[in-house]
Q: 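For reference, the structure I am asking about is given below.
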Number of protein chains: 2
Amino acid sequence: MKPRILVVDDEPEAVELIEFNLKQSGYTVSTATDGAEALKKARSQVPDLIVLDVMLPEMDGFEICKTLRLDASTSRVPIIMLTAKAAEIDRVLGLELGADDYLTKPFSTRELLLRIKKLLARGQAGELSENLLRFGDLSIDTPRHLASWREKPFDLTATEFKLLTVLAQRAGRVQSRDQLLRDVWEYDSLIDTRTVDTHMRRLREKLGPASKHLDTVRGVGYRFVE
Amino acid sequence: MKPRILVVDDEPEAVELIEFNLKQSGYTVSTATDGAEALKKARSQVPDLIVLDVMLPEMDGFEICKTLRLDASTSRVPIIMLTAKAAEIDRVLGLELGADDYLTKPFSTRELLLRIKKLLARGQAGELSENLLRFGDLSIDTPRHLASWREKPFDLTATEFKLLTVLAQRAGRVQSRDQLLRDVWEYDSLIDTRTVDTHMRRLREKLGPASKHLDTVRGVGYRFVE
DNA sequence: CCAGACCGTCACCAAATTGTAACCAAAATA
DNA sequence: TATTTTGGTTACAATTTGGTGACGGTCTGG
């Protein structure tokens, strides 16, 4: 999936130049030449990154940036500001505006491409790493309470999801049935340890091909393998 | 594209005066001299702004304002109220009516033009983005306390609206009942209660087709899906 | 003061989930 | 090979969970 980038600048030649280079590099590009158009496009199809010139007629880049930050859907889109004056930099990157990077004109295309690449990478890493576990085609998203195989979610019950999560979080290490009972069921007492087996079966059944990640270690317990 | 403005006043001379000045300033103007006519015109071709006199025969400006706010297509049109008494101002601008600005008669034409310009500018720039959540046909406008489906507003109570808002703001992430109690009801205590469920039911009922966004995650809580 | 809106609870019900036991197959052991 | 141990599988009853309708209390605008 090609990342979508919105380029905003009031000078058509500048836009064209950037657009050409970005497309060369494999991005999908949309453009705008004034604030209203920029906001409209940013909202109708939220881009993965925005390149935004500060100097614009009517609504300037600062305004646009601030506005985008206030809107839920666009508040996290990385923004690279293009600015003429070095003096503006602090404001651009500071809390008030919260742009993610800047370039002073004139800038080299290579430089712009590098910054874009960096920001896109950061976005993908940061967002996913924290609460999202990924093992090839299998992904587990804790806050959403969704586990999926190739983006197709499984229909897991609460216990099954927790069991899978606990195992995946300790991927590689064998977990005894007692450990699982403690961590998944939060029982002090001794419920039948065969309960774990039954849940493992159900989990495997629902996971289908993804159940290859669930190993039985005979005489010990279960293990999640990558 | 010239902004369209609807002027409503029962005194023909007043209407004429305003109309003349607005046209001078490059606006397209339509007029009405009573409530029924005003509503009809406002609906048939939604204006970009309405100048509305409070004192009108039969249906007064308050009524019209309220009615316009309830109608999907006109609920966001900025309204400037013309009022004789300073005492009415609170009510005009408050939540009940939600006019966007007011002028006490007599007023200078220059003043009116300034207010109009300000409101129209706001409308184009910030208004839509600021605190407006959009999920396909469903939109939630926090400051206006208005949630709507294809621009048709729901008739939600305060609690229902807040519940919807909190869920939508954390779209995707499951919220436990305890979390919802804390964030929507601002309870500290974790009393066992079915209150959340009941409100979800009422909310779903009112949302109709839009309730497809509201997922139940059995054993965990509720989730707003996009 | 009253009617109506709004809200928190409760009781009930259907459905989903879950723990357990009984049974079977495979692996380990002798 | 026979026996024992371990884990998989099936079935089922008990429990949990959430949806729903109803009720009474409170607040508010008229």
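For clarity, every value in this text was computed on a predicted model and none was experimentally measured. Reminder, nothing fancy here: chain letters follow the sequence lines and each chain counts from 1. Excluded from the calculations below are hydrogen atoms, water molecules and symmetry mates; all remaining heavy atoms, backbone and side chain alike, are included.
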Q: Does atom CD of B:E16 have more than 12 heavy-atom neighbours, drawn from other residues, nucleotides or ligands, at distances under 6.0 Å?
A: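 Incorrect, the count does not exceed 12.
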Q: Between atom NE2 in B:H199 and atom P in C:dT9, what is the gap in whole Å?
A: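 Roughly 9 Å, once rounded to whole Å.
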Q: Figure out the NZ/P separation between B:K162 and C:dG8, and round it to whole Å.
A: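 Interatomic distance, NZ of B:K162 to P of C:dG8: 12 Å.
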Q: Under the side chain to side chain donor-acceptor pair (under 3.5 Å) test against B:D137, which residue among B:K152, B:H213, B:R150 passes?
A: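 Going through the options one by one, the only one that passes is B:R150.
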Q: Can you see which heavy atom on A:D48 is nearest to which on A:P3, and at what distance?
A: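 Taking every non-hydrogen atom into account, OD2-CA, 3.2 Å.
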Q: With side chains defined as the heavy atoms from C-beta onward, is the minimum distance between A:W185 and A:T195 less than 4.5 Å?
A: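 Heavy-atom side-chain distance check passes, below 4.5 Å.
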Q: Take the protein atom CG of B:D155 and the nucleotide atom P of C:dG4, then report the distance between them rounded to whole Å.
A: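 So the two atoms are 16 Å apart, to the nearest Å.
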Q: Does any N or O in the side chain of B:R4 come within less than 3.5 Å of the main-chain N or O of B:V46, such that one atom is a donor and the other an acceptor?
A: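 Answer holds: yes.
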Q: Taking CZ in A:F135 as the centre, count heavy atoms belonging to other residues, nucleotides or ligands within less than 6.0 Å. Is the count above 12?
A: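 Yes, because the 6.0 Å sphere around CZ of A:F135 holds more than 12 heavy atoms from other groups.
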Q: Kindly calculate the angle separating the two end axes of the helix from C:dC1-D:dG30 to C:dA30-D:dT1, each obtained from five base pairs, and round it to 10 degrees.
A: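 Comparing the axis at each end, I get an angle of 30°.
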Q: Rounding to an integer number of Å, can you tell me how far B:L156 CG sits from C:dA5 C1'?
A: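 Atom CG in B:L156 sits about 14 Å away from atom C1' in C:dA5.
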Q: State whether B:T157 places a side-chain N or O below 4.0 Å from either non-bridging phosphate oxygen (OP1 or OP2) of C:dC6.
A: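 For B:T157, the contact criterion (side-chain N or O under 4.0 Å from OP1 or OP2 of C:dC6) is not met.
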Q: Ignoring backbone atoms, test whether A:W185 places a side-chain nitrogen or oxygen under 4.0 Å from the OP1 or OP2 oxygen of C:dG19.
A: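 Yes, such a contact exists.
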Q: Do the side chains of A:I140 and A:F154 get nearer than 4.5 Å, heavy atoms only?
A: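 They are not in side-chain contact.
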Q: Could you tell me how far apart B:F161 (CZ) and C:dC7 (P) are, to the nearest whole angstrom?
A: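 Roughly 13 Å, once rounded to whole Å.
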Q: Between A:R177 and A:D197, does a salt bridge (Lys or Arg N to Asp or Glu O under 4.0 Å) hold up when you go through it step by step?
A: CA-CA 8 Å; A:R177 292 182 172 67; A:D197 298 54; 2.8 Å; yes
Q: Protein within reach of the bases, or only the backbone? For nucleotides 5-12 of chain D, mark each nucleotide 5' to 3' as B, S or -, using heavy atoms under 4.0 Å.
A: BBBBBBB-
